[in-house]
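Numbers here are sequence positions counted from 1.
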Amino acid sequence: MKSTTEARSEKFRARGGMGFISACGLLLAVLSTAAIVMVVPRLAHAMSGMDVSTILIWLAIPVFIVAVVAEIVYLERHGKPYDYRDSATSIAAGLGYQLANVPWALAELAIFAAVSSLVPWRLEGWVAWAVALIGVDLAYYWFHRAHHEIRVFWSVHVVHHSSERFNLTTALRTPWLVVTSLPFLVPLALLGIDGKIIAASYAINLLYQFGIHTEVIDKLWAPVEFVFNTPSHHRVHHGSNTEYLDRNYGGVLIIWDRIFGSFEPEGERVIYGLTKNVDTYNIAKINVREMVAIWQDVKNAAKFSDKLGFLFRGPGWRPQSTLTDTATALE
């Protein structure tokens, strides 16, 4: 038996009530991205001695607040309950991420500068920005995929997937260990791109993704859905349904998933969260939960190869001996 809220929500979706919202969302995304791409190069030039990426994120906070409030009002007016405690946890995670990222961003810029000094060529102007924006998005795809398919990375990224809700505040649920993106971004410095442009392009990528963490916007115009990561594609990514696991890794562009075979369209209703949920609002516990689990598995593993497996294989990996013992016990 469906609840009154679920029935009302499905009725609203069935009668196409999100068409106008979809159009508004598409327009907002296009205008926002265009504005950011036009403004950031000038901002980077004006603040050449500062970390532009961190500035961009902090400047975006008022926009985040307005958007979150608007989403809450919209959802509650259409009979969808809002979990304020879950959102508070996500916001706390985001604030912790930003505090950790302030000193790290400066260190990251120094590393980019050191790496780029190793090559004699430089990319400048619009060419540097174009290569950086596309290159960062491709790097983000592989960063994101690695953080799902390698357990030691998953122990960091799992924080983002720990919510059983999917709204704009979910985008803010970011881990406090901020250093794991570096190996995936460093190759761009070898192309001769200024580190500030790389960092700003990464910030733009993350800012874009804030808007795709929502159920308010339904599927968009087919060509947009084919090229870009959209709320529909990202709902799939946050699903714990079997067919949705480890799908749709793209940041801004979904074409990487189409190219590399990790794309899945939205079909059945998405069940958000993990295959085994954390059942806590304590963001500190959420940040270390999987790391503690890895430590226990590594400590208890009999073979050195199994210890490595618990670190570098997928999150669900178990030694063959363990699987055999389990199967025997069930017989």
Side-chain angles (χ1 to χ4, degrees), residues 2-36 56-98 159-174 203-221 224-225 228-240 252 266 269-273 277 280-281 283 286:
K2 293 181 179 177
S3 67
T4 303
T5 299
E6 289 176 330
R8 189 185 301 133
S9 177
E10 290 190 6
K11 181 179 179 182
F12 172 69
R13 181 184 288 269
R15 69 171 184 253
M18 294 190 183
F20 176 71
I21 298 297
S22 296
C24 290
L26 173 60
L27 179 61
L28 179 62
V30 170
L31 292 177
S32 299
T33 302
I36 289 170
L56 278 174
I57 298 294
W58 282 100
L59 288 177
I61 289 176
V63 179
F64 289 176
I65 293 172
V66 171
V68 167
V69 171
E71 184 185 48
I72 292 172
V73 171
Y74 181 87
L75 291 173
E76 294 201 336
R77 285 187 61 186
H78 289 89
K80 301 197 76 171
Y82 196 88
D83 189 336
Y84 290 92
R85 196 173 176 187
D86 182 81
S87 289
T89 301
S90 296
I91 292 169
L95 290 174
Y97 169 86
Q98 285 305 315
V159 175
H160 184 61
H161 285 266
S162 62
S163 175
E164 295 176 56
R165 307 287 182 264
F166 190 76
N167 53 54
L168 291 175
T169 65
T170 308
L172 309 178
R173 188 175 286 223
T174 41
I204 291 171
N205 199 289
L206 297 181
L207 288 171
Y208 174 89
Q209 291 182 55
F210 171 76
I212 61 176
H213 288 80
T214 184
E215 291 188 294
V216 171
I217 300 175
D218 205 348
K219 290 187 177 181
L220 301 175
W221 187 37
V224 175
E225 293 282 338
F228 292 96
N229 195 10
T230 64
S232 175
H233 297 326
H234 207 58
R235 286 192 288 271
V236 167
H237 179 71
H238 275 259
S240 62
V252 174
E266 185 178 24
R269 185 181 183 88
V270 181
I271 301 171
Y272 301 110
N277 288 308
T280 181
Y281 292 111
I283 192 58
I286 294 171

Engineer: When rounded to the nearest 0.5 angstrom, what is the spacing between CG in Leu207 and CZ in Phe64?
Structural biologist: 5.0 Å
Engineer: Short question: side chain of Lys80, backbone of Glu215 - any donor-acceptor pair under 3.5 Å?
Structural biologist: no
Engineer: Going from CZ on Arg235 to OG1 on Thr170, what distance comes out if it is rounded to the nearest 0.5 angstrom?
Structural biologist: 12.0 Å
Engineer: I'd like to know if the side chain of Tyr208 and the backbone of Asn229 have a donor-acceptor N/O pair within less than 3.5 Å.
Structural biologist: yes
Engineer: I need the Leu75 CG to Arg165 CZ distance, nearest 0.5 Å.
Structural biologist: 12.0 Å
Engineer: Please lay out, stage by stage, how Leu172 and Phe210 fare under the test side chain to side chain contact (heavy atoms under 4.5 Å, CB included).
Structural biologist: CA-CA 8 Å; Leu172 309 178; Phe210 171 76; 4.2 Å; yes
Engineer: Step by step, work out the side chain to side chain contact (heavy atoms under 4.5 Å, CB included) result for Ile212 and Ile217.
Structural biologist: CA-CA 8 Å; Ile212 61 176; Ile217 300 175; over 6 Å; no
Engineer: Quiz question: by atom type and distance under 3.5 Å, do the side chains of Asn167 and Tyr272 form a donor-acceptor pair?
Structural biologist: no
Engineer: Just wondering, do Thr169 and Thr89 contact through their side chains at under 4.5 Å, heavy atoms?
Structural biologist: no
Engineer: Got a donor-acceptor contact below 3.5 angstrom from the Ser87 side chain to the Tyr84 backbone?
Structural biologist: no
Engineer: Which salt bridge (Lys or Arg N to Asp or Glu O under 4.0 Å) pairs, counting each pair once, include a residue from residues 85-95, with sequence neighbours left out?
Structural biologist: Asp86-Arg173
Engineer: Check ring-ring contact (aromatic ring centres under 6.0 Å, His included) between His233 and all other residues, then give those that pass, not counting sequence neighbours.
Structural biologist: Phe263
Engineer: Does Ile271 offer a backbone N or O that forms a donor-acceptor pair with the side chain of Ser240 under 3.5 Å?
Structural biologist: yes
Engineer: With under 30° as parallel and over 60° as perpendicular, where do the rings of His78 and Tyr74 fit, or are they tilted in between?
Structural biologist: tilted
Engineer: In Å and rounded to the nearest 0.5 Å, what is the OG to CG distance from Ser163 to Asn277?
Structural biologist: 9.0 Å
Engineer: Using the benzene-type ring in the case of Trp, are the ring centres of His213 and His160 under 6.0 Å apart?
Structural biologist: yes
Engineer: Would you confirm whether Glu71, through its side chain, and Leu168, through its main-chain N or O, come within 3.5 Å as a donor-acceptor pair?
Structural biologist: yes
Engineer: Just how far is it from atom CD of Gln98 to atom CD1 of Ile61, taken to the nearest 0.5 Å?
Structural biologist: 6.5 Å
Engineer: OG/Ser232 to NE2/His237 distance, rounded to the nearest 0.5 angstrom?
Structural biologist: 14.0 Å
Engineer: Kindly give the heavy-atom pair with the smallest separation between Gly211 and Pro231, and that separation in Å.
Structural biologist: O-CG, 4.1 Å
